[in-house]
Amino acid sequence: MNMISNRMPFSILMKRISLLILSLFTVGCGGGSPTPVSPPPISPPVALQSPGGQWLGFDSQSRLVNLLVSESGDVRGFLELGTAMEPPAFTAGTVGVSNGDAISGVMRGQDLLSFPPAGLPGAPSPYSCSISGTVTERASMNVQIACSDDTSLVYDEALVLTPHPRYLQGSSLSAIAGNYTLSTNPATNMLNVAEDGTVFGMFDNGPTCTVNGTVSIIDSRYSLLDVSWTLSSCTDLLGFAEGGEYSGFAMPSPDSGAPDSYYFLLIRELPDSLSLISVIYDPT
């Protein structure tokens, strides 16, 4: 008996399977070309507020806060950590800005008058301070400053600081170039700033030392100048001043009656102490 096979030829079967897959693909795609998907938009980077300024304010006990902050975030300043009758502490540190306006940083501080003096055995260790908050460029700084000594928290204040317009004066090496002296011991306090920013002179703060250093532009739109000093050939018997490296700022004098004078605020930082140079140089 002849039997008719129900088995479909393999080539025809594969052709039908291919047509079925194609029809399913066409239905799944709506019968047209796939719609291109646009990439998500790229958000522009957040502009950072500058921390630069000469920031002034008062804490909850009416104690003065004065922070000089460069455009690069270096800080020098004064805090009154004790009572209003006590001398302030001078500070040195850095701050940075993130997420647009969030400011944070650290400082170290030392009392202006301490006994024994900074650098000698038994002298108190520097304070450790933190700064956090927000800054609106050239307008306001809302920060929390907390400082501790070796044993406890000695200062914890929420502050609203405002900028002094003097910061907007501008700066240049040609303006500060010249010869200067101090009103105290002028014969042993002499400073020359060359047109290229090279500094040479003598500094007499008890021991008399030779000064070598530099003045450089941070941002010519603003008044703060970067200053670095090294003291050598010092006459102090204890040798503490010898080799001292100081850094900080120079700016036009706050005395409106001395428009060509410059205020220098420089701090030497050692692991166990800080020391300060805070003087106004008058042109000669």
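In this chain, numbering begins with 1 at the start of the sequence shown.
- Between Glu195 and Ser174, the closest heavy-atom pair is OE1-CA, 3.7 Å.
- Looking at Ser70 and Ser72, their side chains do bring a donor and an acceptor atom within 3.5 Å of each other.
- A donor-acceptor contact under 3.5 angstrom links the side chains of Ser261 and Asp282, judged on distance only.
- Of the possible donor and acceptor atoms, none in the side chain of Asp111 sits under 3.5 Å from a partner among the backbone N and O of Leu113.
- Among Phe264, Phe203, Tyr262, the one residue that satisfies the ring pair (Phe, Tyr, Trp, His ring centres under 6.0 Å) test with Tyr281 is Phe264.
- Trp55 and Tyr155 fall within a single hydrophobic cluster, where Ile, Leu, Val, Met, Phe, Trp and Tyr are joined by side-chain heavy atoms under 4.5 Å apart, directly or via other members.
- Note that CD of Glu157 is 8.0 Å distant from CD of Gln144, once rounded to the nearest 0.5 Å.
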### Task
Decide ring pair (Phe, Tyr, Trp, His ring centres under 6.0 Å) for Tyr167 and Tyr222; before the verdict, give the C-alpha distance in whole Å, the side-chain angles of both, and the deciding distance to 0.1 Å.
CA-CA 6 Å; Tyr167 182 71; Tyr222 308 112; 5.0 Å; yes

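- With rounding to the nearest 0.5 angstrom, the CG atom of Asn66 is 5.0 Å from the CG atom of Leu56.
- Hydrophobic cluster membership differs between Val199 and Met202, with clusters built from Ile, Leu, Val, Met, Phe, Trp and Tyr side chains linked at under 4.5 angstrom.
- For Glu242 against Cys234, the heavy-atom pair with the smallest separation is OE1-N, 2.8 Å.
- The distance from the CG atom of Leu67 to the CD1 atom of Ile131 is 6.0 Å, given to the nearest 0.5 Å.
- Between the side chains of Thr151 and Asp149, a donor-acceptor pair is found at a separation under 3.5 Å.
- When side chains are defined from C-beta on, Phe78 does not count as touching Thr91, because their heavy atoms never get closer than 4.5 Å.
- Side chains of Thr198 and Thr214 form no contact here, defined as non-hydrogen atoms less than 4.5 Å apart.
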### Query
Going through the checks in order, is the side chain to side chain contact (heavy atoms under 4.5 Å, CB included) test met by Met190 and Asn179?
CA-CA 7 Å; Met190 300 172 289; Asn179 294 304; over 6 Å; no

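- Shortest non-hydrogen contact noted between Asn212 and Ser232 is ND2-OG, 4.2 Å.
- Looking at heavy atoms from C-beta onward, Cys147 lies out of side-chain contact with Ser128 at the 4.5 angstrom threshold.
- Residues Phe90 and Leu112 meet the side-chain proximity criterion, which asks for heavy atoms closer than 4.5 Å.
- A 4.5 Å side-chain heavy-atom check between Leu191 and Val211 finds at least one atom pair inside the cut-off.
- Separation of atoms OG (Ser223) and CD1 (Ile218) is listed at 9.0 Å; rounding is to 0.5 Å.
- Remark: Leu237 CG is loosely packed, at most 12 non-hydrogen atoms of other residues, nucleotides or ligands lying under 6.0 Å away.
- Ion pairing of Glu245 with Arg268 is absent here, as no side-chain N (NZ or NE/NH1/NH2) approaches a carboxylate O to less than 4.0 Å.
- Tracing side-chain contacts under 4.5 Å through hydrophobic residues (I, L, V, M, F, W, Y), one reaches Trp229 starting from Leu173; they form part of the same cluster.
- In this structure, the side chain of Gln110 engages the main chain of Leu274 through a donor-acceptor pair within 3.5 Å.
- Grouping the Ile, Leu, Val, Met, Phe, Trp and Tyr side chains by contacts below 4.5 angstrom, directly or via other members, places Ile176 with Val227.
- Between Pro163 and Ala139, the shortest heavy-atom contact is CD-O, 3.2 Å.
- For Ser171 against Leu224, the heavy-atom pair with the smallest separation is OG-O, 4.1 Å.
- By the criterion of side-chain heavy atoms lying less than 4.5 angstrom apart, applied directly or through intervening Ile, Leu, Val, Met, Phe, Trp or Tyr residues, Tyr180 is not grouped with Phe249; the two fall into different hydrophobic clusters.
- Put simply, the residue from Thr184, Thr188, Thr235 that forms a side chain to side chain donor-acceptor pair (under 3.5 Å) with Asp204 is Thr188.
- Distance CZ/Arg76 to CG/Leu265: 7.5 Å, rounded to 0.5 Å.
- Nearest heavy-atom pair, Thr210 versus Ser233, reported as atom, atom and distance to 0.1 Å: OG1-CB, 4.0 Å.
- For the side-chain contact (heavy atoms from CB on, under 4.5 Å) with Val160, the qualifying choice from Asp59, Asn142, Val65 is Asn142, the only one to do so.
- The line from OH of Tyr127 to CE of Met107 is 12.5 Å long, rounded to the nearest 0.5 Å.
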#### Entry: Pair Asp101-Glu137, side chain to side chain contact (heavy atoms under 4.5 Å, CB included): steps then yes or no
CA-CA 8 Å; Asp101 64 352; Glu137 186 174 311; over 6 Å; no

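- At a cut-off of 3.5 Å, with distance as the only test, a side-chain donor of Ser50 or Glu71 sits close to an acceptor on the other residue.
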### Task
Might you work through the side chain to side chain contact (heavy atoms under 4.5 Å, CB included) test for Val75 and Thr94, ending with a clear yes or no?
CA-CA 5 Å; Val75 180; Thr94 58; 5.6 Å; no

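- In this structure a side-chain-to-backbone donor-acceptor pair under 3.5 Å is present from Arg108 to Pro271.
- Residues Met251 and Gln54 form a side-chain contact, since some pair of their non-hydrogen atoms from C-beta on lies under 4.5 Å apart.
- At a cut-off of 3.5 Å, with distance as the only test, a side-chain donor of Ser278 or Tyr263 sits close to an acceptor on the other residue.
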### Query
Taking it one step at a time, do Ile217 and Asp226 satisfy side chain to side chain contact (heavy atoms under 4.5 Å, CB included)?
CA-CA 6 Å; Ile217 298 295; Asp226 184 78; over 6 Å; no

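- Other residues, nucleotides and ligands contribute at most 12 non-hydrogen atoms within 6.0 Å of the CG atom of Asn99.
- Side-chain contact annotation: Thr181 with Asn189, donor-acceptor N/O pair under 3.5 Å absent.
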